Amino acid sequence: MTTIAPDARMAGVARTYPPRAAVVSWIFFDWAAQPYFTLITTFVFAPYFATAIAPNPAAGQSLWGFAMAAAGLAIALLSPVLGAIADASGRRKPWIAGFGTVLVLASCTLWIGKPGDHAVIPLVLTAVALASVGAEFATLFNNAMMPTLVPPERIGRLSGTGWATGYIGGIVSLIIVLGLLAANPETGRTLLGVTPLFGLDPLTRQGDRAAGPLTALWFIIFVTPMFLFTPDYPAKRPLGEALREGLSELKQSIKSLPRQKSLAAFLLANMIYTDGLVSLFAFGGIYAAGTFGWHTIQIGTFGIMLAIAGALGAWFGGKLDDRLGPKRVIAASLLVLLLSVAAILLVDKDSVLFVKTAPPQAGAALFSSTAERAYLVLGCLIGAAGGPLQAASRTLLIHLAPKDRIAQYFGLFALTGKVTSFIGPLLIGLVTALTASQKAGMAVLVVFFVAGLGLLMRVRD
């Protein structure tokens, strides 16, 4: 497929894009990386840590928040530097391979997190933080490959399809864990009513702990096509020279941001609303575990429903992105998130929007109470809005950023997505610790979405 790219059109040069196999292989990176976010940080390991490894759910939420805050700070500080070096050196795949290795090794380490073993908490939290660093940096360099894969008018669809594929990968991995590996300690049966594969012990929660090694194996298998079939940027210069040039260009780019008002406003908005979204996903399962007493099977089933909503939202949002523009998609997604979070704060185990309801009963059917069903609906709305928000955000950056410094600006994009990302988990952890209330901790997210939406209005796409 040959077309004229905007930067090539001015020079009268035709831009040739790679075949479909290369694009599909690139899309499968999202499929490969998603289980880390689905299984570890959201629906399986994070709630398991809070309810089984930590002394109590509130302490678990607080400790998890501090670990994610440390990872976010490291990502924020290093992302622009690494992106600038990658632009100067040219190649992306070696960086993806290096940080993918960090993700794989750290994820495998989570197997050691036995129930009630408080001695392993520091090592488990360190592994979670390192896995987060690996996943985020590998994603940064994968995102920077997008402009070479399809014409500009199809970037939105590519981004949305990637996010949707990632959500589907998360669903499949979650079904594997819940249906075949993680069992209810009381019944010894998985969600599909079978005993866990490989003789995994329900009493020591080996099925929950297996989420880490499964994430590592999944990434190795499904990231391989990208390395085999998706072309990389050509090498430009040695690493030492790239380091000097990249840092010099990064300094110039940061100095020029005040003159690029729309780009600066978008990066600031992204900094705020991404913090809120990441915190919401990171603590959604923990919040449900503490509010309704959900265990892995309930939380995982909720996660499957949320991921299905996210996949549909990302796919449909990609189409709207190309038709209406990414800014409108982002604004609509933020509005849905804001209203959904506000409503969740008015849902308790025995009330919905101040109306008293029957609390969940022990031994009752799955999600049988009114409050649980309300939480499911609101969670699906959050999933449906979160997918297009993230997909359209990386599309809008490609629209606004200089094409010859795309990895550098994705580094700044990651910086703004992470520089305050420790604030959300930190505030949730602190407020939860001070009030001993999960609801009070989650309430801080409303501020993030309101501020992000307000700043987005200043961006001209």
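Note that the numbering runs from 1 along the sequence shown for the chain. Side chains included, hydrogens not; waters and symmetry mates left out as well; all remaining heavy atoms used. The structure displayed is predicted, hence computed values, not measured ones.
Between W64 and F49, the ring planes lie tilted relative to each other; the angle falls in the 30° to 60° range.
Distance CG/L63 to CE/M68: 13.5 Å, rounded to 0.5 Å. For the atom pair C380 SG and L376 CG, the distance stands at 6.5 Å (nearest 0.5 Å). Taking CD1 of I96 as the reference point, atom OG1 of T230 lies at 9.0 Å (rounded to 0.5 Å). One distance of note links CZ of F302 with CG of L178; it measures 13.0 Å at 0.5 Å rounding. For the atom pair L320 CG and L324 CG, the distance stands at 5.5 Å (nearest 0.5 Å). Rounded to the nearest 0.5 Å, atoms CG (L149) and CH2 (W26) are 6.5 Å apart.
For the side chain to side chain donor-acceptor pair (under 3.5 Å) test, no residue two or more places apart in sequence or in another chain qualifies with R209. Under the side chain to side chain donor-acceptor pair (under 3.5 Å) criterion, S159 pairs with R394, sequence neighbours left out.
Under the 4.5 Å side-chain criterion, counting only non-hydrogen atoms from C-beta, P35 is not in contact with L174. Residues P196 and L181 form no side-chain contact, since every pair of their non-hydrogen atoms from C-beta on lies 4.5 Å or further apart. Side-chain atoms of K93 and M226, non-hydrogen and from C-beta on, do get closer than 4.5 Å to each other. Between L39 and F45 the shortest side-chain heavy-atom distance does not fall below 4.5 Å. By the 4.5 Å heavy-atom criterion applied to side chains, V24 and F229 are not counted as neighbours. Two residues are said to be in side-chain contact when any heavy atoms from C-beta on lie closer than 4.5 Å; T139 and F29 meet this criterion. F28 has its side chain out of reach of V223: every pair of non-hydrogen atoms, C-beta onward, lies at least 4.5 Å apart. Side-chain contact between I27 and L158 is present, with heavy atoms from C-beta onward closer than 4.5 Å.
The backbone N or O of T165 lies less than 3.5 Å from no partner atom in the side chain of D30, so there is not a single donor-acceptor pair. Panel note: side chain D208, backbone A182; no donor-acceptor pair is recorded below 3.5 Å. Of the possible polar contacts, none joining the T274 side chain to the M271 backbone as a donor-acceptor pair under 3.5 Å is found. Using modelled atom types, one side-chain atom of Y48 and one backbone atom of G113 make a donor-acceptor pair closer than 3.5 Å. Of the possible polar contacts, none joining the Q34 side chain to the G170 backbone as a donor-acceptor pair under 3.5 Å is found. Between the side chain of Q206 and the main chain of P202, no donor-acceptor pair closer than 3.5 Å is present.
With hydrogens and angles left out, the side-chain atoms of T395 and D321 include a donor and acceptor closer than 3.5 Å. Between the side chains of S393 and Y273, at least one donor N or O sits under 3.5 Å from an acceptor N or O.
Checked for salt-bridge contact, K114 and D117 miss the test: no charged N lies under 4.0 Å from a carboxylate O.
Ring-centre distance between W218 and W31: below the 6.0 Å cut-off.
Heavy-atom minimum distance, I382 versus S340: CG1-CB, 3.6 Å.
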Taking only distance into account, with no hydrogens and no angle test, what donor-acceptor pairs under 3.5 Å do side-chain atoms of residues 97-110 form with protein atoms, sequence neighbours excluded?
from, atom 1, to, atom 2, distance (Å)
T101, OG1, A97, O, 2.9
S107, OG, L103, O, 2.8
T109, OG1, L105, O, 3.0

Criterion side-chain contact (heavy atoms from CB on, under 4.5 Å) on S132 and I75, from CA distance to verdict: CA-CA 9 Å; S132 180; I75 293 165; 4.0 Å; yes
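At most 12 heavy atoms of other shown residues, nucleotides or ligands fall within 6.0 angstrom of atom CZ in F316.
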